[in-house]
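Structure first, commentary second.
Numbering of residues begins at 1 and proceeds along the displayed sequence.
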Amino acid sequence: MFLKVQLPWNVIISAEDLDAKGLMLQRSITIRLLDDFACKKATKDLGYFCAVTTLDSIGEGKVRQYSGDVLFPVVFSGITFKLLRGEILDGVVHKVFKHGVLLRCGPVDNVYLSNQKMPDYKYVPGENPVFLNDKLSKISKDVMVRFMVIGTKWLEVEREFRVLVSLEGDFLGPIS
């Protein structure tokens, strides 16, 4: 699910980047905010950061004592992506294993679909392994699959989510 959020942030501008006339200050703050935002990746509460939509306010800068850099408190609006339990989403298979498949869904690379959560699908080994059911519906690499989220786990060290999904339900499975 995409969420619209408003976040406070501290942007640090080095002394060399400050313009004597102040004309380029807002541009410098915006560029630095976008750089910092891109490096942040995700948080447990908000999910994955996707985009900054507006820069709502820039507070008064405070000079840091030893470095001479200036810290500006800013508030901006942005869009985040968070997977919620029970949500129906689409993902693309990027790895097929005997015990299940890994999918990508938006910025999330670790969406796991276990073979136990694929009713009627059987593993078919080979050079290009697949899961096949009686109706010849196939789950293989690069196939789009509609699934339901049954659980998420936040990994603080990697700053990402691991997601467990299922095909148990109506209208779930490979889509063309």
Side-chain angles (χ1 to χ4, degrees), residues 1-9 30-57 74-176:
M1 174 183 297
F2 288 101
L3 306 171
K4 185 174 182 188
V5 296
Q6 190 172 41
L7 295 169
W9 206 276
T30 304
I31 289 169
R32 182 53 157 230
L33 172 64
L34 292 172
D35 288 345
D36 292 350
F37 186 78
C39 294
K40 184 78 171 175
K41 191 173 180 179
T43 66
K44 182 178 182 179
D45 297 330
L46 298 173
Y48 290 87
F49 295 119
C50 295
V52 173
T53 54
T54 58
L55 182 57
D56 299 328
S57 68
V74 300
V75 177
F76 68 94
S77 296
I79 296 174
T80 63
F81 178 76
K82 186 170 184 183
L83 294 156
L84 302 174
R85 187 175 184 181
E87 190 171 21
I88 306 293
L89 294 166
D90 297 339
V92 177
V93 176
H94 69 97
K95 289 186 183 169
V96 179
F97 304 106
K98 181 179 178 181
H99 298 291
V101 298
L102 279 177
L103 302 112
R104 289 189 176 113
C105 177
V108 187
D109 288 333
N110 296 307
V111 178
Y112 181 66
L113 173 58
S114 170
N115 65 346
Q116 296 175 353
K117 294 296 180 181
M118 290 188 257
D120 304 327
Y121 281 88
K122 303 289 184 237
Y123 179 72
V124 180
E127 188 177 315
N128 296 317
V130 298
F131 281 90
L132 204 60
N133 73 0
D134 299 337
K135 300 172 189 166
L136 299 179
S137 179
K138 182 169 71 170
I139 297 176
S140 62
K141 188 173 185 204
D142 298 324
V143 168
M144 179 82 74
V145 177
R146 181 163 291 143
F147 56 82
M148 181 175 69
V149 177
I150 56 176
T152 61
K153 180 180 180 181
W154 171 249
L155 302 172
E156 186 65 42
V157 175
E158 287 103 17
R159 301 201 61 75
E160 66 183 18
F161 287 92
R162 295 268 164 90
V163 184
L164 183 61
V165 300
S166 171
L167 297 184
E168 296 170 338
D170 295 333
F171 307 106
L172 300 179
I175 54 178
S176 50

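The two residues Met148 and Glu168 make their nearest non-hydrogen contact at CE-O, 4.1 Å. What you find for Val145 and Leu103 is that their closest heavy atoms are CB-CD2, 3.8 Å. Of all heavy-atom pairs between Leu33 and Val74, the closest is CD1-CG2, 4.3 Å. The minimum heavy-atom distance between Val111 and Phe147, with the atom names listed, is CG1-CZ, 4.0 Å. Scanning both residues, Leu172 and Ser166, for their nearest heavy atoms gives CD1-O, 3.9 Å. Nearest heavy atoms, Leu46 versus Thr80: O-OG1, 3.0 Å.
Look at Lys40 and Asp36 and you find no salt bridge, because none of the NZ, NE, NH1 or NH2 atoms lies under 4.0 Å from a carboxylate O.
By the neighbour-count criterion of 12 heavy atoms within 6.0 Å, atom NZ of Lys41 is densely surrounded, having more than that number from other residues, nucleotides or ligands. Heavy atoms from other residues, nucleotides or ligands lying under 6.0 Å from CG of Asp134 number 12 at most.
Residue pairs meeting the ring pair (Phe, Tyr, Trp, His ring centres under 6.0 Å) criterion with at least one member in residues 157-176, sequence neighbours excluded: Tyr48-Phe161, Trp154-Phe161. Sequence neighbours left out, the pairs with a member in residues 94-116 that pass salt bridge (charged side-chain N to carboxylate O under 4.0 Å, His left out) are Arg104-Asp109.
Atom CG of residue Asn133 and atom NZ of residue Lys122 lie 9.5 Å apart, to the nearest 0.5 angstrom. In this structure, CE in Met118 is found 11.0 Å from OG in Ser137, a value given to the nearest 0.5 Å. Note: Met144 CE to Ile175 CD1 = 5.5 Å, rounded to the nearest 0.5 Å. With rounding to the nearest 0.5 Å, the separation of OG1 in Thr152 from NZ in Lys82 is 6.5 Å. For the atom pair CG (Leu89) and CG (Leu84), the distance works out to 8.5 Å, reported to the nearest 0.5 Å.
Side-chain contact between Trp9 and Arg32: absent, with no pair of heavy atoms (C-beta onward) separated by less than 4.5 Å. No side-chain heavy atom of Lys138 sits less than 4.5 Å from a side-chain heavy atom of Val143. Between Asn115 and Phe97, every side-chain heavy-atom pair lies at or beyond the 4.5 Å cut-off.
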Item to complete: I would like to know whether Leu167 and Tyr121 meet side-chain contact (heavy atoms from CB on, under 4.5 Å); could you show each step before the answer?
Response: CA-CA 10 Å; Leu167 297 184; Tyr121 281 88; 4.3 Å; yes
Worksheet item: Do Val165 and Lys117 pass the side-chain contact (heavy atoms from CB on, under 4.5 Å) test, and can you show the C-alpha distance, the side-chain angles, and the key distance before you say yes or no?
Response: CA-CA 8 Å; Val165 300; Lys117 294 296 180 181; over 6 Å; no
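Counting only distance, with no hydrogens or angles, the side chain of Arg159 and the backbone of Ala42 share a donor-acceptor pair below 3.5 Å. The backbone N or O of Ser77 sits less than 3.5 Å from a side-chain atom of Thr53, completing a donor-acceptor pair. Listed for the Lys44 side chain is no donor-acceptor partner under 3.5 Å among the backbone atoms of Glu156.
Ring pair Phe37/Phe76 is perpendicular by interplanar angle, where above 60° counts as perpendicular and below 30° as parallel.
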